[in-house]
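Each remark here refers to the structure printed beneath this line.
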Amino acid sequence: MTQIHRSSRGGRIDRSRELSFTFNGKRYTGYAGDTLASALLANGVDIVNRSFKYSRPRGIVAAGPEEPNAVVQLGASEAAQVPNVRATQQALYEGLVARSTNGWPNVQRDMMGMIGKLGGSFMPPGFYYKTFMAPASMWMTYEKYIRKSAGLGRSPLESDPDIYDHLNQHCDVLVIGGGAAGLAAARIAADSGARVMLCDEQEELGGSLLDSREALDGLPAPEWVSQVVTELSARENVELLPRTTANGYHDHNFVTLHERRTEHLWDTAPAVNRRPQARSRLHRVRARHVILATGTHERPLVYGNNDVPGNMVAGAVSTYIRRFGVVPGHKLVLSVSNDYAYRTALDWHESGREVVAIVDARATSRGELAEQARALGIRIINQSAVIEAKGSDRVTAARIARIDLDAFCVLGHEKTLSCDTIASSGGYSPVIHLSSHTGTRPVWRDDVLGFVPGDVKGMTSVGGVHGVFALKAVLEHAAEGARRALDAIGFESDSSAPKLPDVAERREEPACALFQVPHVKSAMRAPKQFVDLQNDVTAAGIELATREGFESIEHVKRYTALGFGTDQGKLGNINGMAVAARCLKRSIPEVGTTVFRPNYTPVTFGAIVGRHCRDLFDPERYTALHAWHVEHGAEFEDVGQWKRPWYFPRTVNGKKETMHEAVSRESLAVREKVGILDASTLGKIDIQGPDAREFLGRVYTNKWAKLAPGRVRYGLMCKDDGMLMDDGTTSCLAENHFLMTTTTGGAAGVMEWLELWHQTEWPELEVYFTSVTDHWATMTVTGPEARKLMSEVTDIDLSPDQFKFMDWREGNVAGIPARVFRISFTGELAYEINVQANYAMPVWKTLFEKGEKYGLTPYGTETMHVLRAEKGLIIAGQDTDGSVTPEDLGMQWAVGYDKPFAWIGKRALTRPDTARTDRKQFVGLKPRDPEVVLEEGAQIVFDPEQSIPMTMVGHVTSSYYSPNLGHGFALAVIKGGRDRLGQTVYLPMKDGVVHEAEIVSPVFIDPKGERQNV
Amino acid sequence: MFHIYCPYCEEYREEEEFHPRGQAHLQRPADPENCSDEQWGDYLFFRDNPRGIHHELWVHSVGCRKFFNITRHTANYEILETYKMGERPSITAETLAADERQSGVQTASGGWQTVGARPEDEALNTEARA
Amino acid sequence: MSEIREFDCRPNDQTGAESPLAWSLQRGPVPDADTQAGVTLRESAFMGHLILRGGAIVLDEAVREVLGINLPARPNTLTLDSTGERSIQWLSPDEWLIVVPGGEEFALEKALRHALGQAHFSLVNVSGGQTVITLSGPKARETLKKSTPYDVHPSAFPVGKGVTTIFAKTSVTLRQPKADCWELIVRRSFADYLYRWLLDAAAEFGVSVER
């Protein structure tokens, strides 16, 4: 029998199913139903970790999410590594592999432990800041070493084999917590017909009832639980979620639940019927009402060396005994401030092991449980407490003394009691974390000795979290709370049948307020009294912080690290407040509590991401011609969510072209022969209505009054601050009918912009907008041979006098009804063919059949950029950045200064700042060295000799190598640039090279626009 | 994650379906050409930033694509009402203050996130703000 | 009438036409038909889709006259003709989606324009821009719960309801024209992403694709 602390009977474990597991490289066995923590305790493993700062040996303290020490790294394989798992929340499974996260080289012999022992008193709060402050350059070195020895969990180095997903949920009532209060409330809610969800973080529902000594309806508490769970799971309107932690309580009753679906089975999620299942799942719940039944966390007392393994929270000891059949020691000293904790002595005694003494800080103890203990002959020492634990790797004795609570001092009568376990209880802190997430302040209650949730709209707190502790009262409070909740959302609860189980009332005496236990020495000189075990925060540390002037509890928290990390102050927060309050001579509510934030316990990144990863990370938008592009080896560029062909590299003599080679070939093909571009991603908006023309005149800077059907016009769209927002062409389809195009990236924004002005400013205008971006596929055929090619595939009259530049015509292309627009973004003769997207592929393929003899070349966005830049054509969002006016761009020709209506952006053009003549203006740049392609974004200066910081006068917005020009060229904005044509500017680069360039016109090819107008 | 009642769809929808578009009830000067630079600058750039009631323009962008207004409390994020374009809010900072005076409820005090902050500190804070 | 340009963009010859899901189905993966599948997917391709905008009072009579169905006036609802092949769905207080068998859309557009005369409205053919994916099977609702924050519980989403909402990281128009039949009206460019998303979401239930 290696499980030295396993009792011979009892517990909710399956003793017929033995499971083997490995901790820190050593094999152990436990039983089905164990947690990793209970199995470790059963095997007598005292040290599970080293502490964060002082590297002191630490053992298991608690049995739930509040466990500060037993934080382990889980995973048998590299890919399955999970950090920051609390052993108390991890179900045991066959083959589980875990190791301590702290401790280097290992937990038994720890390097930092030596330093911690030697230097303990020299490591006050702020130790790292103060000690490693100088020289600053050494911090990187220090940090590496400190982190290695501190050791937090690590992430896996291999890709996660599991999947995680999200489920969107809606319910009338979400009950958080499946203990006595939660189950009672859920039952009543279920009866009303409401949609009910109940979640609980433990492996099974029942909460504290699973280790309770009490009876409900004459049944042992766990049996009553299984009855209620069976009843609830049979109901269609109830969803029960065990192993599910409510981690975040967000605005308007949006609650995130983390369901661990397979973590109790194996390292990775097993498939079911060869179908994949999610390892864990994030439920995104929108609840009409939340019933908070999160119960309490028992507070340990703060005394000297209270971190030595063997010091535990009283209730946790009971949990291990009653739920897991594990008695974590032989001789117990119990130090309490309240009646309920006496149950731990009873449980211990019943397991046949020795209770050395119960030390009670109160003057008398005549409650029911105390009397039971007394009847069993257990020694009770009143008005006293454990002031210090003895031992290093395990408790060997408890030093107790009579104390004066009001004067906070030891009165003498010191004794040392030999024992190996000290359990303590300073009372019960309501688990208010979730209610605090909403931003609501908790309320201190003297009668509870704790904070309870403040008023949260749409939430009712019931039972322990509300400071109601006795079982009978909890059930009644939960029932009453559930009825109030149902009433608030319009459900009728069945008040005739109060389904509350019969529970005996228990006589109790009030608890006393004991947090930090006084020691014979001052806190600064006494053995370390830990407040926050996970972050190694001591009472002396908090005292020092207050002495150094940190009065706000938020500052104390940040100076000492109280309540940091995965712990989030579950065990230590109230004790920390109490210490600070004592030092500052204030009450606890005056000192206040820090704000708890999501998440309540750590959530694996996988669950947060869900299925939005890998090839589902973000939508990929495809045009109707995407399959062809893929088949023809296109490289793709992301433009918003669109995948656009970037260039089409050819393989010549077994060698694939570089981008430079492909773009040179594509560019020359368009200038010399004919190229084709898939332009389907352009935004397209169908505009209909008698006021369509008027509306266009108001949202575009230029004039639309006289655009005739069959004609197309380029327009600029500004915001009301006069800055360019988007551009594109709009065609007049009929008197009251227009087709607007936008940039690819601007499509959704422009659509919303039009609706904004129509709905909010000019609802009287009779016009409607409908997006047709996806309806039309757009193919641009451009180059000197474009007309010849088009004439082979269309019945439209292409003669230059019938179908002029900036005209559009209807007809058939390759037998498919099409609209063709003679607009050009390359400066060459160009036809933009629009067909209904379902028919785009046959048209595209026909064009290639007929186009081969003309050298028809598909080109991508990179070539498109080069060609348009050679023509000085802007791309909104690349050459503009929200601070550029049409005048800055030199596009006064597209501004209707004399239009009657104050169109959007007009007024701003006369603001003093917009009207300045030295604004950055759009120009071309020709690098002196023809081989140089300037960096986009590079800053421009007039004087290269100026010392740093230099006066920056502009920057490069677009830059390419032009195979047509035979040199690099760029577009830029430069202060007063248009008056500086011919001047030289300089571009100092970070490697010390200074490029020289001449300011030129932004139009590099065909300045008169003859080529597109043939 | 807000839960927002769309006055056009006539039901609550998730915040993901909406976009905020800033302060509501902005008045574009009726005759832009004849307003001063200062008036135009106010319209373009200056916005309220109250602690308390704020009227905001939102759009149900994934949904009916209609613009509407929200009256929201900027401290506790409660949405007090939503109303259609062209309508006026029934709840404003003024009506709320009047209601609270009547019912004897104190209006929220300014700026303190920490529980238990002392009144004298708050007085200092007010001074610092002034 | 000449104030609006009507244009029949659908050729008589359908050779070579490709629906928005054509490439996804050609490239795969396409799960085999599976009688045990919890979810079945199918594309209702090449339907006629029209966006009708205007005031309900203006449009109501003309719609009833031409299509023989009422214009749904209540938000988030749809009406179907007796065959279930033609439907009108409320999208916004002044916007409706009409879906009819492919090829009917241009005739319908002309008839509606004729019936509406000089009233202020807009009618736009968007047939190439979207497609219909139907989802059925006992686990269809669970699959939707993984994908949309909209409540698809029978009490919140009865037959005859339709909404435009978030779906995965994009949006769809989701509707339930009849029991155990969900229709997703998706934009062409997002169709492949949504197809892959749905296959993935339904994988744990078993999924088959009908063609």
Side-chain angles (χ1 to χ4, degrees), chain A residues 165-170 195 272-273 275-278 284 286 611-612 615-616 618-624 626-627 641-642 681 686-690 709 733-737 766-777 810 812 815-819 835-842 845, chain C residues 2-5 7-11 13-20 22-23 26-27 36 45-46 51 53-54 94-95 120-130 142 145-151 153 155-156 168-170 187-194 196-197 200-201 203-206:
Chain A
D165 64 13
H166 294 169
L167 204 61
N168 297 287
Q169 298 267 27
H170 302 260
R195 290 163 69 187
V272 175
N273 298 333
R275 289 167 185 162
Q277 61 172 332
R284 307 166 80 244
R286 182 67 75 175
R611 297 303 297 139
H612 300 284
D615 60 341
L616 294 171
D618 204 40
E620 288 182 3
R621 299 181 68 181
Y622 298 151
T623 72
H626 189 76
Q641 290 172 324
W642 288 101
T681 62
D686 182 286
I687 304 176
Q688 296 182 18
L733 300 181
E735 188 53 31
N736 295 345
H737 194 183
E766 295 199 326
V767 58
Y768 285 116
F769 317 95
T770 303
S771 170
V772 287
T773 301
D774 283 44
H775 174 70
W776 298 107
E810 253 170 39
N812 288 294
I816 306 293
R819 282 194 182 127
V835 296
Q836 206 257 44
N838 290 340
Y839 310 105
M841 195 61 95
K845 284 180 177 166
Chain C
S2 64
E3 287 163 357
I4 299 293
R5 185 73 194 171
F7 181 56
D8 187 0
C9 55
R10 187 179 192 272
D13 180 4
Q14 295 289 303
T15 313
E18 292 190 355
S19 77
W23 187 56
Q26 178 200 324
R27 180 185 56 160
Q36 301 296 307
F46 303 119
I51 295 287
R53 299 199 63 176
D94 58 5
E95 186 170 352
H120 169 46
F121 70 98
S122 125
L123 189 53
V124 181
N125 181 353
V126 294
S127 308
Q130 49 198 40
E142 282 296 303
K145 279 172 76 174
K146 287 190 182 184
S147 314
T148 174
Y150 197 87
D151 189 359
H153 189 269
S155 64
K169 276 196 188 167
T170 179
R187 287 180 71 176
R188 162 181 273 281
S189 53
F190 289 98
D192 181 74
Y193 164 73
L194 285 165
R196 288 185 288 116
W197 175 275
D200 181 84
E204 72 167 299
F205 311 122

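In what follows, chains are A, B, ... by sequence order, proteins preceding strands, each numbered from 1.
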Working to the nearest 0.5 angstrom, can you tell me the gap between [X] [atom1] and [Y] [atom2]?
X        : Y        : atom1 : atom2 : value
A:Thr770 : C:Glu95  : OG1   : CD    : 6.0 Å
C:Lys146 : A:Leu167 : NZ    : CG    : 7.5 Å
C:Ser122 : A:His737 : OG    : NE2   : 7.5 Å
C:Arg187 : A:Thr773 : CZ    : OG1   : 5.5 Å
A:Asp615 : C:Asp192 : CG    : CG    : 9.5 Å
C:Gln14  : A:Tyr839 : CD    : OH    : 3.5 Å

Report yes if some heavy atom in the side chain of [X] is under 4.5 Å from a heavy atom in the side chain of [Y]; otherwise report no.
X        : Y        : result
C:Phe121 : A:Gln688 : no
C:Tyr193 : A:Leu616 : yes
A:Asp165 : C:Glu204 : yes

Under a 4.5 Å heavy-atom cutoff, which of [options] has the most pairs with chain C?
options                                : answer
A:Gly815, A:Ala818, A:Gly689           : A:Ala818
A:Glu810, A:Arg284, A:Glu620, A:His626 : A:Glu810
A:Gln836, A:Arg286, A:Lys845, A:Arg275 : A:Arg275

Which bit of [X] is near chain A, if near means a heavy-atom gap under 4.5 Å: side chain, backbone, both or neither?
X        : answer
C:Gln130 : neither
C:Asn125 : both
C:Gln26  : neither
C:Asp151 : both
C:Trp197 : both

Interface residue of largest heavy-atom contact number with chain A, from C:Ile51, C:Leu194, C:Thr148, C:Thr15, under 4.5 Å: C:Thr148
Among C:Ser127, C:Ala156, C:Ala191, C:Ala45, residue most engaged with chain A (heavy-atom pairs, under 4.5 Å): C:Ser127
Heavy-atom closest pair, residues [X] and [Y]:
X        : Y        : value
A:Arg819 : C:Phe7   : NH2-CB, 3.5 Å
A:His775 : C:Cys9   : NE2-SG, 3.6 Å
A:Ala624 : C:Glu18  : O-OE1, 4.4 Å
C:Arg53  : A:Phe769 : NH1-O, 2.8 Å
C:Lys169 : A:Asp618 : CD-OD1, 3.7 Å
C:Ala168 : A:His612 : C-CE1, 4.0 Å

A:Ser771 versus chain C, the contacting section by heavy-atom distance below 4.5 Å: both
Under 4.5 Å from a heavy atom of chain C, the part of A:Val272 involved: neither
Side chain of [X], backbone of [Y]: donor and acceptor closer than 3.5 Å?
X        : Y        : value
A:His170 : C:Pro149 : yes
A:Asn736 : C:Glu3   : no
C:Arg5   : A:Ala734 : no
A:Arg611 : C:Asp200 : no

Partner set under side-chain contact (heavy atoms from CB on, under 4.5 Å) for C:His120, not counting sequence neighbours: A:Pro690, A:Glu766, A:Tyr768
Contacts of type side-chain contact (heavy atoms from CB on, under 4.5 Å), residue C:Ser155, not counting sequence neighbours: A:Arg195, C:His153
